[in-house]
S.K.: 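For reference, the structure I am asking about is given below.
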Amino acid sequence: MSLGLSPPATVAPGLPRVLEQRPSSLWGDAWRRLRRNRAAVASGVLLVLISAIALAAPWIPGLADPAVQNLKLGATPPSYAHPFGTDDLGRDLLARVAHGGRISLMVGLVATLVSLLIGVTWGAVSGYRGGTLDLFMMRVVDILDSLPYIFLVILLLVFFSRSLVMLFVALGLVQWLTMARIVRGQVLSLRTQTFVEAARALGAGDRAVIFRHILPNTLGPVIVYTTLTVPQVILQEAFLSFLGLGVQPPAASWGTLVSDGARVIALFPWLVIFPGAALSLTLLCFNFLGDGLRDALDPRDRRDVA
């Protein structure tokens, strides 16, 4: 006896199974594409390893104190006891490179964070409000961008102080301009989208619309630019160290180690080779990782975009 119920719908065997799959999210698709980029993945692993060694240096046997001197030993080339050799004061160069990495990475990350806080906020407000306020804020960016940024950093360090905190602030204050332009452009294209109008219709204020709905959709370009800004800041700190305006003794960064070694490179070349290699490898890894993230987060390469 039939109850009049229709049989359950079945998928025709000839249809491709890809139609049964839900479109992947932007982040899930980006992660899959990033994993296929071997250079970016290897760079990320190396950066984690370098950061772990630098952070754990005070607790690693043999690297705990980079300031221990042995004047009788003096400058010696790499050996089993001192893999990176020692400097003219008998200090172990491996320990100094490990501790110098702590400061160089901290300068790069903190100064980049300062630039992100200023640039993202400035660009988001400018792009969202538009009109006269946007015109004024962007003209301020144009004026500051026309000034030599390294000159501004030098002025800040000379007239205020050469402390590590001031170095963070000085480098961060000149790096936010490009970030502000990037975020403003993204906000201008997002503020007229349907989800933003829906948020306004539900009573969301300007602050909630900007920070809850618009800024999360700009994370792709922001993350990519961040990975490219960190090596720029580290390189700028190294340049300032050559001028004597970077990290001040007794602390040392990779830049100060290269600067000190450059004075005696003809006699003790290992004093430049090892900190220079650590600096170059870190910058290279950040650039490879940034390129990989840029390709992975490019929406034009997504497979579920028509």
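Below, all heavy atoms of this structure are taken into account, side chains as well, without hydrogens, waters or symmetry copies.
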S.K.: Between Trp254 (side chain) and Val97 (backbone), is there a donor-acceptor pair under 3.5 Å?
M.R.: yes

S.K.: Can you find a heavy atom in the side chain of Leu93 that is under 4.5 Å from one in the side chain of His82?
M.R.: no

S.K.: Does atom CZ (Phe288) have a neighbourhood of more than 12 heavy atoms from anything else shown, all under 6.0 Å?
M.R.: no

S.K.: Is the shortest side-chain heavy-atom distance between Leu279 and Ser104 below 4.5 Å?
M.R.: no

S.K.: State yes or no: do Val141 and Met137 share one hydrophobic cluster built from I, L, V, M, F, W and Y residues joined by side-chain heavy-atom distances below 4.5 Å, directly or via other members?
M.R.: yes

S.K.: Using modelled atom types only, decide if a donor and an acceptor are shared between the side chain of Ser280 and the backbone of Gly276 within a distance under 3.5 Å.
M.R.: yes

S.K.: Quick one: do Leu257 and Val272 satisfy side-chain contact (heavy atoms from CB on, under 4.5 Å)? Show the steps, please.
M.R.: CA-CA 7 Å; Leu257 292 177; Val272 175; over 6 Å; no

S.K.: What closest approach, in Å, do Ile143 and Ser146 show between heavy atoms, and which atom pair accounts for it?
M.R.: O-OG, 2.6 Å

S.K.: Can you find a heavy atom in the side chain of Leu283 that is under 4.5 Å from one in the side chain of Ile234?
M.R.: yes

S.K.: Hey, is the main chain of Ile118 close enough, under 3.5 Å, to the side chain of Thr121 for a donor-acceptor pair?
M.R.: no

S.K.: Please report the closest heavy-atom contact between Gly290 and Leu228, naming both atoms and the distance.
M.R.: CA-CD2, 4.0 Å

S.K.: Where the side chain of Ser115 meets the backbone of Thr112, is there a donor-acceptor pair that is under 3.5 Å apart?
M.R.: yes

S.K.: Per the side-chain hydrogen bond (donor to acceptor under 3.5 Å, both in side chains) rule, what does the pair list look like for residues 128-143, sequence neighbours excluded?
M.R.: Ser126-Asp134, Tyr128-Arg200, Tyr128-Asp206, Asp134-Arg184, Arg139-Asp142, Asp142-Arg181

S.K.: Atom CZ of Arg96 and atom CZ of Arg91: how far apart are they, to the nearest 0.5 Å?
M.R.: 3.5 Å

S.K.: Tell me the closest heavy-atom pair linking Gly123 and Val183, and the distance in Å.
M.R.: C-CG1, 3.9 Å

S.K.: In terms of hydrophobic clusters joined by side-chain contacts under 4.5 Å, are Phe274 and Leu73 together?
M.R.: no

S.K.: So, do Ile223 and Leu293 sit near enough that their side-chain heavy atoms are less than 4.5 Å apart?
M.R.: yes

S.K.: Cluster question for you: counting only ILVMFWY and a side-chain heavy-atom cut-off of under 4.5 Å, with indirect links fine, are Leu109 and Leu113 together?
M.R.: no

S.K.: Identify whether Leu188 and Val125 are in the same connected component of the hydrophobic contact network (ILVMFWY, side-chain heavy atoms under 4.5 Å).
M.R.: no

S.K.: Should Leu47 and Phe286 count as side-chain neighbours, where that means a heavy-atom distance under 4.5 Å?
M.R.: yes

S.K.: Is the side chain of Thr86 donor-acceptor paired with the backbone N or O of Gly74 at a distance under 3.5 Å, no angle test?
M.R.: yes

S.K.: With a 4.5 Å limit on heavy-atom distance, are the side chains of Pro78 and Trp270 in contact?
M.R.: yes

S.K.: Would you say Val233 and Val107 make side-chain contact, with heavy atoms under 4.5 Å?
M.R.: yes

S.K.: Ignoring hydrogens and geometry, is there a side-chain-to-backbone donor-acceptor pair from Thr227 to Leu289 under 3.5 Å?
M.R.: no

S.K.: Give a yes-or-no answer on whether the side chains of Ser253 and Glu237 include a donor-acceptor pair shorter than 3.5 Å.
M.R.: yes

S.K.: Following the transitive rule for hydrophobic clusters with a side-chain heavy-atom cut-off under 4.5 Å over Ile, Leu, Val, Met, Phe, Trp and Tyr, establish whether Leu34 and Val224 coincide in one cluster.
M.R.: yes

S.K.: On a heavy-atom basis, which atom in Ala40 and which in Gly292 lie closest, and how many Å separate them?
M.R.: CB-CA, 3.9 Å

S.K.: Give me the atom names and distance for the closest heavy-atom approach of Asn287 to Pro231.
M.R.: OD1-CG, 3.9 Å

S.K.: Do the non-hydrogen side-chain atoms of Trp176 and Leu144 ever get within less than 4.5 Å of each other?
M.R.: yes

